[in-house]
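Inspection log for the structure reproduced underneath, given as structure tokens.
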Amino acid sequence: MATQNDVIKTLMTMGVVYDKAMNEAAAEMLLSDLSDFSPDAILDSLKKCRQEVNRFPSIADIISRAQSKDGRPGVEEAWALLPKDESTSAVWTNEMAEAFGSCSSLMSEDRIAARMAFKETYETLIKNARQIGKPVKWIPSFGTDKLGREAALRVAIDKNRITLGHAQSICPEFEIKKTQTLIGEEQRN
């Protein structure tokens, strides 16, 4: 488990690597700007910055990488996970569901406009949720196709978005067979 001193040392070392003047006071100031995140999350973000950014990272660079680890999908993945019609089931976040509400009336008329409306609303919602530290919550939205329900639940379980127990509590007919569990375990390994 990392400490604030580990973050300060890392920031100071990165200052040397990127030829950026960085003393302990400057590193402490940056750390205070990142106080919403754990030292482990900050160190993970700094590592990503070293891999993705070819300069000393800005606070925004560090924060965006820390926030992306909150379990919320990016806007493109969120759009792809949306139910396409009344028969389709999905397991989505509260923000996805709310953003879908802003564009659902456009879905049959103009999918491009619907996608644009979804993206704008979703980005605002996740920004607000992250600013207040609201944890991600995955919820099912069942369509009329019962087999589609099971498929959506299996994907959510495999991606650790919901637990098997939760899936069975909301869909009592849902059973995961031993072979399906093994397939999911093989994909994770």
Side-chain angles (χ1 to χ4, degrees), residues 1-82 90-103 112 115-139 155-166 184-189:
M1 184 153 199
T3 66
Q4 290 185 342
N5 284 335
D6 295 328
V7 174
I8 290 169
K9 287 177 188 175
T10 301
L11 286 167
M12 291 175 67
T13 302
M14 287 177 68
V16 171
V17 169
Y18 290 104
D19 198 26
K20 171 100 171 168
M22 180 65 58
N23 60 26
E24 192 169 340
E28 287 174 358
M29 183 187 74
L30 290 175
L31 181 60
S32 72
D33 291 340
L34 300 167
S35 64
D36 290 342
F37 305 101
S38 71
D40 286 323
I42 297 169
L43 289 175
D44 285 346
S45 298
L46 290 171
K47 182 177 180 180
K48 282 192 136 219
C49 287
R50 290 192 304 274
Q51 295 168 344
E52 300 170 358
V53 181
N54 60 359
R55 57 176 164 64
F56 191 86
S58 68
I59 291 295
D61 292 329
I62 300 166
I63 289 173
S64 70
R65 284 157 181 82
Q67 289 176 334
S68 70
K69 297 189 74 116
D70 70 355
R72 288 177 175 86
V75 69
E76 298 301 336
E77 182 183 1
W79 174 256
L81 291 171
L82 295 180
V91 178
W92 56 7
T93 67
N94 291 331
E95 295 86 9
M96 290 168 64
E98 190 174 336
F100 181 72
S102 72
C103 74
I112 293 171
R115 185 170 177 266
M116 291 171 59
F118 173 82
K119 286 177 70 169
E120 185 175 326
T121 304
Y122 181 71
E123 287 173 339
T124 300
L125 291 168
I126 61 172
K127 179 182 176 185
N128 293 341
R130 287 172 172 163
Q131 283 178 340
I132 62 171
K134 180 179 175 187
V136 65
K137 182 175 181 180
W138 289 90
I139 51 175
V155 169
I157 291 166
D158 286 346
K159 293 192 177 217
N160 294 319
R161 293 175 174 163
I162 63 170
T163 65
L164 174 59
H166 184 223
E185 288 174 6
E186 288 173 5
Q187 290 174 346
R188 283 190 283 263
N189 294 332

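Looking only at distances, no side-chain donor or acceptor of D158 sits under 3.5 Å from a matching main-chain atom of V155. With S64 contributing its side chain and D61 its backbone, the two residues share a donor-acceptor pair below 3.5 Å.
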Distance-only donor-acceptor pairs under 3.5 Å for side chains of residues 11-32, two or more places apart:
residue : atom : partner : partner atom : Å
T13     : OG1  : K9      : O            : 2.9
N23     : OD1  : A25     : N            : 3.1
N23     : OD1  : A26     : N            : 2.8
S32     : OG   : M29     : O            : 2.6

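With a 6.0 Å radius and a threshold of 12 heavy atoms from other residues, nucleotides or ligands, I132 has its CD1 atom above the threshold.
Heavy-atom minimum distance, V136 versus T93: CG2-CG2, 3.5 Å. Across C103 and A117, no two heavy atoms sit closer than the pair CB-CB, 4.0 Å. Taking every heavy atom of both residues into account, T3 and D6 meet most closely at N-OD2, 2.9 Å. In terms of heavy-atom proximity, P57 sits nearest to I62 at CB-CG1, 4.0 Å.
One distance of note links CH2 of W79 with NZ of K119; it measures 10.0 Å at 0.5 Å rounding. Between the NZ atom of K47 and the CZ atom of R65 there is a distance of 14.0 Å, given to the nearest 0.5 Å. To the nearest 0.5 Å, atoms CG (L46) and OG1 (T10) are separated by 6.5 Å. Here I157 contributes atom CD1 and I162 contributes atom CD1; the two are 5.0 Å apart, rounded to the nearest 0.5 Å. If you take CD on E98 and OG1 on T121, they are separated by 8.5 Å, rounding to the nearest 0.5 Å. Distance check, rounded to the nearest 0.5 Å: NZ of K134 to CG of D70 gives 11.5 Å.
Test M96, E95, R72 against L125 for side-chain contact (heavy atoms from CB on, under 4.5 Å) and you get one pass: E95.
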Note to self: Could you go through W92 and L81, starting from their C-alpha distance and side-chain angles, then the distance that decides it, and tell me whether this counts as side-chain contact (heavy atoms from CB on, under 4.5 Å)?
What the structure shows: CA-CA 7 Å; W92 56 7; L81 291 171; 5.8 Å; no

